[in-house]
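These notes concern the structure reproduced below.
Heads up: numbering here begins at 1 and tracks the sequence.
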Amino acid sequence: MAPVPNMSISCSVFPECLPVVSSGRLEENPGADCGVSRLQTSFPAIHYAWRATEKILRYCDQNICYPYKNSYSEQECDACTGVRGAGCSKFREGSRNNGERYKSHDMPSLPCRFFRLSEREPDAEEYQPPIWKSYLYQLQQEAPRPKRIICPREVENRPKYYGREFHGIISREQADELLGGVEGAYILRESQRQPGCYTLALRFGNQTLNYRLFHDGKHFVGEKRFESIHDLVTDGLITLYIETKAAEYIAKMTTNPIYEHIGYATLLREKVSRRLSRSKNESRKASVSNEEHTPVEKISSLVRRAALTHNDNHFNYEKTHNFKVHTFRGPHWCEYCANFMWGLIAQGVRCSDCGLNVHKQCSKHVPNDCQPDLKRIKKVYCCDLTTLVKAHNTQRPMVVDICIREIEARGLKSEGLYRVSGFTEHIEDVKMAFDRDGEKADISANIYPDINIITGALKLYFRDLPIPIITYDTYSKFIEAAKISNADERLEAVHEVLMLLPPAHYETLRYLMIHLKKVTMNEKDNLMNAENLGIVFGPTLMRPPEDSTLTTLHDMRYQKLIVQILIENEDVLF
């Protein structure tokens with residue numbers, strides 16, 4: 001152990017989890033009293049804090065690595081260069097100022113979250129890791145535990161999905177008496193006023209609360225559904241306790257978010273850029289960085305977002321997060337406000353595209369800056385267009401680029417191009433190839449000599465988009481523009497609506513219209529003019545928001561006209 005002066009070292013999450021400092025020596029604390037170690041969680045229970053000289057080292061990670069720069073010589077971690085423990089596996093061997101040698105170490109790869117040595121003032125430009133706030137976690141630990149009051153007799157007609165806590169038909173007063181004023185005590189009863197309806201009677205805050213209880217395979221009193229009554233009551237007590245004790249705190253927890261200040265991924269930018277640029281050729285990959293780095297196997301959604309925000313190669317298309325209610329196993333903290341996500345199930349929401357985890361109330365404040373993770377994108381077809389291009393870091397969907405490139409290389413003079421259909425089975429094969437192999441899908445003439453298979457696959461991609469190229473929001477505006485009789489005014493109206501399209505949709509539509517203009521330039525051979533292509537692509541590129549056959553039939557001529565106008569005036573409109 002290195003000799004150190006007495007100093008104050010604090011855990012930024014759990015005040016009771018402190019390394020031992022005594023007699024000028026810093027010792028390891030195995031975390032016996034650590035709040036984390038009392039939980040069944042993936043977090044390591046052993047925490048370390050290190051100090052080698054009078055100058056502070058860097059940050060103490062949770063059982064990861066201990067990079068530092070001391071006051072006499074520059075000595076850093078090879079992999080993480082000193083600011084966090086993601087991916088670190090060894091140190092350069094070197095000497096400290098007192099001549100003591102240090103050698104390599106091998107620790108798990110996790111982002112540094114918890115410890116921060118408190119004596120050193122950070123440099124103005126140096127990022128401090130986010131401090132995950134423990135107040136709500138501590139309140140959850142203090143919440144009353146459920147206490148089941150068992151009925152001493154066998155109750156007739158007891159529902160099979162209830163246990164001995166069911167007391168049959170009793171009044172509210174009788175239920176209150178049975179609970180005996182014990183905090184967290186609960187019973188189930190059948191309503192006297194409405195036979196066949198069941199009530200949860202729960203003691204909390206020196207009063208008896210009654211909730212209408214439902215069962216549809218799972219137990220619920222609100223939105224959350226539970227496997228057992230015990231879990232329902234446990235979650236309810238946690239929620240009641242936290243919302244009672246911290247109502248004002250919860251109301252204000254979105255006012256000072258950490259989300260906009262995530263900077264600890266700065267040194268991972270090149271690595272993330274390389275991971276997200278797999279679609280580029282090897283030369284472009286090599287240009288991302290001239291140095292060799294240890295691959296980062298696991299990067300949190302916050303790390304990815306921060307890294308990509310400053311990635312010059314990333315196309316800056318705005319995308320909303322696709323949040324869905326999620327049940328987290330083990331303790332989790334909100335990546336927007338840094339507060340604990342309380343409860344047993346459905347504690348918050350997770351973005352299914354990038355993996356961002358936040359409170360449901362915090363999700364309303366998260367900017368539209370989703371950076372989809374390729375690992376979460378299971379397929380190419382039927383995937384949201386903006387999600388796909390952001391995940392692959394491209395301007396347009398690679399399906400569009402690859403198919404158009406192939407069509408222009410060998411099919412522009414093919415008679416009936418886009419009008420003639422290829423074999424459905426072969427088109428499905430192309431679809432599966434893109435879903436399976438992505439940009440490596442082989443659609444060359446050696447595999448698919450019939451160019452109509454490729455055109456069919458491209459049209460299928462546009463039809464399968466969950467949000468069409470011409471989005472639902474702009475559909476009615478395009479139809480109204482098509483109804484304008486004056487040609488100049490109609491063109492101006494179409495241009496104005498084009499500006500309302502999401503950037504990724506606009507760019508894809510622009511690229512497609514340039515291609516279709518080339519098709520019309522070969523009309524003598526392929527017999528396809530702008531009007532014919534409008535008939536083919538009108539229903540493919542734009543669909544009415546309501547699934548109405550009558551509306552679709554009524555709008556078909558306007559759909560055709562819009563696509564025709566876009567092709568004929570491509571150089572003016574885009």
Side-chain angles (χ1 to χ4, degrees), residues 9-20 29-47 49 60 62-63 110 113-116 129-148 179 181-186 200 202-207 209 221-222 224 226-254 256 258 326-350 357-362:
I9 306 177
S10 62
C11 171
S12 60
V13 175
F14 301 105
E16 68 272 25
C17 179
L18 295 174
V20 178
N29 177 12
D33 296 324
C34 173
V36 177
S37 66
R38 294 199 298 267
L39 304 172
Q40 293 181 349
T41 171
S42 59
F43 291 153
I46 300 177
H47 303 288
C60 174
Q62 46 166 341
N63 198 12
L110 291 171
R113 289 183 174 181
F114 282 175
F115 282 115
R116 187 160 54 97
I131 307 246
W132 304 97
K133 303 167 187 175
S134 64
Y135 177 56
L136 298 180
Y137 168 79
Q138 292 169 348
L139 287 182
Q140 175 163 312
Q141 295 296 93
E142 297 168 4
R145 299 291 184 261
K147 301 174 181 64
R148 184 174 68 152
L179 294 174
V182 179
E183 197 77 352
Y186 71 94
L200 166 67
L202 174 65
R203 191 71 183 176
F204 177 81
N206 297 320
Q207 59 180 324
L209 307 176
V221 296
K224 294 184 179 182
F226 299 84
E227 296 290 344
S228 68
I229 292 293
H230 184 271
D231 287 347
L232 184 152
V233 175
T234 302
D235 185 86
L237 287 170
I238 290 172
T239 302
L240 286 169
Y241 188 80
I242 289 178
E243 291 182 354
T244 300
K245 294 284 186 179
E248 185 176 353
Y249 181 90
I250 292 171
K252 294 180 179 180
M253 68 183 183
T254 59
N256 187 28
I258 64 165
H326 188 78
T327 294
F328 299 96
R329 304 301 177 190
H332 272 71
W333 272 256
C334 175
E335 295 177 55
Y336 181 79
C337 70
N339 281 288
F340 179 68
M341 294 197 283
W342 65 89
L344 290 188
I345 69 168
Q347 303 97 326
V349 293
R350 167 176 287 176
N357 303 319
V358 296
H359 292 110
K360 187 175 181 180
Q361 57 266 46
C362 290

Non-hydrogen atoms of Gly343 and Asp235 that approach each other most closely: CA-OD1, 3.4 Å
Worked check of side chain to side chain contact (heavy atoms under 4.5 Å, CB included) between Leu136 and Tyr249: CA-CA 9 Å; Leu136 298 180; Tyr249 181 90; 4.0 Å; yes
Spacing of NZ belonging to Lys133 relative to CG belonging to Asn339, to within rounding of 0.5 Å: 5.0 Å
All side chain to side chain contact (heavy atoms under 4.5 Å, CB included) counterparts of Gln361, not counting sequence neighbours: Ile250, Met253, Trp342, His359
Glu183 side chain near Phe204 side chain, heavy-atom distance below 4.5 Å: yes
Closest non-hydrogen atom pair, Trp333 against Tyr137: CZ2-CB, 4.3 Å
For Ser228, side chain to side chain contact (heavy atoms under 4.5 Å, CB included) partners two or more places apart: His230, Asp231
Nearest-0.5 Å distance, CG of residue Leu237 to CG of residue Leu344: 10.0 Å
Interatomic distance, Arg203 atom CZ to Leu209 atom CG [nearest 0.5 angstrom]: 8.5 Å
Backbone of Arg145 reached by a side-chain donor or acceptor of Lys147 within 3.5 Å: yes
From Ile242 atom CD1 to Tyr135 atom OH, the distance as rounded to the nearest 0.5 Å: 9.5 Å
Over all atoms of both residues, closest heavy-atom pair of Phe328 and Gly348: CE1-N, 3.8 Å
Closest approach of Leu202 to Gly184 (non-hydrogen atoms, all atoms of both residues): CD1-O, 4.0 Å
Gap separating the CD1 atom of Ile238 from the CD atom of Glu142, nearest 0.5 angstrom: 12.0 Å
Point-to-point distance, once rounded to the nearest 0.5 Å, from CE of Met341 to CZ of Arg350: 8.0 Å
